[in-house]
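This structure is a prediction, so every number in the text was calculated from the model and none was measured.
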Amino acid sequence: MTYLTITLAALLVVVSALLFQSCKRVINEPAVNECIMTRVSVRAYTADKVSETQIEKMLRAGMAAPSAVNKQPWHFIVVTEQVQLDALAEVTPNAKMAASAPLAIVVCGDMSKTLEGEARDFWIQDCSAATQNILLEAHALGLGAVWTGTWPALERCAAVAQVLDIPEGIVPFATIVIGHPAGENKPKDKWNPRNVSWEKYGVLK
């Protein structure tokens with residue numbers, strides 16, 4: 001092997017390593033874990049507004065969620081006007097805090113994008129994943145948020161649809177109420193090893 005061949009081979013190794021490092025996605029696992037473990041449901045907010053940049057980041061996070069066969073059967077309604085927030089608080093008893101919040105994002109299922117047959121209801125899992133992503137992004141942005149369920153309470157769905165002029169085929173799934181937290185909110189330790197089975201149901205470690 002000649003000196004030139006050895007040099008070229010060494011250069012190729014260096015270039016490959018540099019390309020790998022530049023392409024490799026660096027994921028800060030401690031930061032991700034911290035965000036998950038410290039997220040709490042926040043129901044009291046300051047008067048500060050949520051910026052459009054923050055809103056877009058949360059929407060992008062929601063749309064980054066996994067969905068069955070990548071159908072993405074969701075639609076997001078951003079609510080910032082006080083009259084609309086008051087109306088949502090009025091018709092949804094579990095979202096009364098919307099009246100004192102600067103923002104709500106209503107996650108809806110788009111029935112025109114669902115799978116067919118028994119797989120149709122996978123939209124519920126898809127919208128759940130999107131909702132959780134929005135909650136985590138809100139927390140990462142220093143905001144406070146709470147997931148208030150709408151579906152499958154049909155009366156609630158109809159009331160929210162009326163307030164927001166939602167057409168048939170778009171199903172209100174959840175209202176995420178969001179704002180800057182007022183006061184301190186401490187996360188709960190929900191770890192319980194008895195909720196875990198190993199290899200077969202009921203087998204504890």
Gap between atom NE2 of His180 and atom CG of Leu143 - 0.5 Å precision
5.0 Å
Enumerate, atom names and distances included, each donor-acceptor pair closer than 3.5 Å involving a side-chain atom of residues 149-156, sequence neighbours excluded.
residue: Arg156; atom: NH1; partner: Gly149; partner atom: O; Å: 3.0

Nearest atoms (heavy-atom pairs only) where Pro30 meets Asn28
CD-OD1, 3.0 Å
Drop me the distance from Arg39's CZ to Gln132's CD, to the nearest 0.5 angstrom.
5.5 Å
Distance-only criterion, 3.5 Å: show the donor-acceptor pairs between side-chain atoms of residues 183-201 and protein atoms not counting sequence neighbours.
residue: Asp189; atom: OD1; partner: Trp191; partner atom: N; Å: 3.2
residue: Asn192; atom: OD1; partner: Arg194; partner atom: N; Å: 3.0
residue: Ser197; atom: OG; partner: Gly202; partner atom: N; Å: 2.8

Any chance you could measure Thr175, atom OG1, to Ile77, atom CD1, to the nearest 0.5 Å?
9.0 Å
Heavy-atom side-chain contact between Trp147 and Ile134 under 4.5 Å
no
Let me check something: do Val171 and Ile124 share a hydrophobic cluster, defined by ILVMFWY side-chain heavy atoms less than 4.5 Å apart, either directly or through other members?
yes
Can you get from Leu136 to Ile176 by hopping between Ile, Leu, Val, Met, Phe, Trp and Tyr side chains that sit under 4.5 Å apart?
no
Please name the pair of heavy atoms, one in Ala161 and one in Pro172, separated by the smallest distance, quoted to 0.1 Å.
N-CG, 4.2 Å
Run the side chain to side chain donor-acceptor pair (under 3.5 Å) test against Ser41 and tell me which residues pass, sequence neighbours left out.
none
Spell out, yes or no, whether Ile178 and Phe76 are grouped together once hydrophobic residues are joined by side-chain heavy atoms under 4.5 Å, including indirect joins.
yes
Any side-chain heavy-atom pair from Val78 and Thr80 closer than 4.5 angstrom?
yes
Are Thr46 and Asp48 close enough, and set up right, to give a side chain to side chain donor-acceptor pair (under 3.5 Å), and what steps lead you there?
CA-CA 5 Å; Thr46 69; Asp48 298 320; 3.2 Å; yes
Could you grab the distance from atom CG of Leu135 to atom CD1 of Ile36, nearest 0.5 Å is fine?
12.0 Å
Hey, are the side chains of Trp74 and Trp123 touching, using non-hydrogen atoms and a 4.5 Å cut-off?
no
Starting from the C-alpha separation in whole Å, work towards a yes-or-no answer on side chain to side chain contact (heavy atoms under 4.5 Å, CB included) for Val50 and Tyr45.
CA-CA 11 Å; Val50 178; Tyr45 319 97; over 6 Å; no
Under the side chain to side chain contact (heavy atoms under 4.5 Å, CB included) criterion, do Val42 and Val146 qualify, and how do the steps go?
CA-CA 5 Å; Val42 177; Val146 60; 5.8 Å; no
Side chain to side chain donor-acceptor pair (under 3.5 Å) against Ser51, all qualifying residues, sequence neighbours excluded
Gln54
Would you mind writing out the side-chain donor-acceptor pairs for residues 56-73 within the sub-3.5 Å range, not counting sequence neighbours?
residue: Glu56; atom: OE2; partner: Arg60; partner atom: NE; Å: 2.9
residue: Glu56; atom: OE2; partner: Arg60; partner atom: NH2; Å: 3.1
residue: Ser67; atom: OG; partner: Lys71; partner atom: N; Å: 3.3
residue: Ser67; atom: OG; partner: Gln72; partner atom: N; Å: 3.0
residue: Asn70; atom: OD1; partner: Gln72; partner atom: NE2; Å: 3.0

Quiz: residues 95-122 side-chain donor-acceptor pairs under 3.5 angstrom, not counting sequence neighbours:
residue: Ser100; atom: OG; partner: Met97; partner atom: O; Å: 3.1
residue: Asp110; atom: OD1; partner: Ser112; partner atom: N; Å: 3.0
residue: Asp110; atom: OD1; partner: Ser112; partner atom: OG; Å: 2.6
residue: Asp110; atom: OD2; partner: Ser112; partner atom: OG; Å: 3.4
residue: Thr114; atom: OG1; partner: Met111; partner atom: O; Å: 3.1

With side chain to side chain donor-acceptor pair (under 3.5 Å) as the test, would you mind laying out the steps for Gln82 and Asp86 before giving the verdict?
CA-CA 6 Å; Gln82 191 61 52; Asp86 288 344; 2.8 Å; yes
Is it the case that one hydrophobic cluster holds both Phe173 and Val177, taking links as side-chain heavy atoms less than 4.5 Å apart, direct or via other members?
no
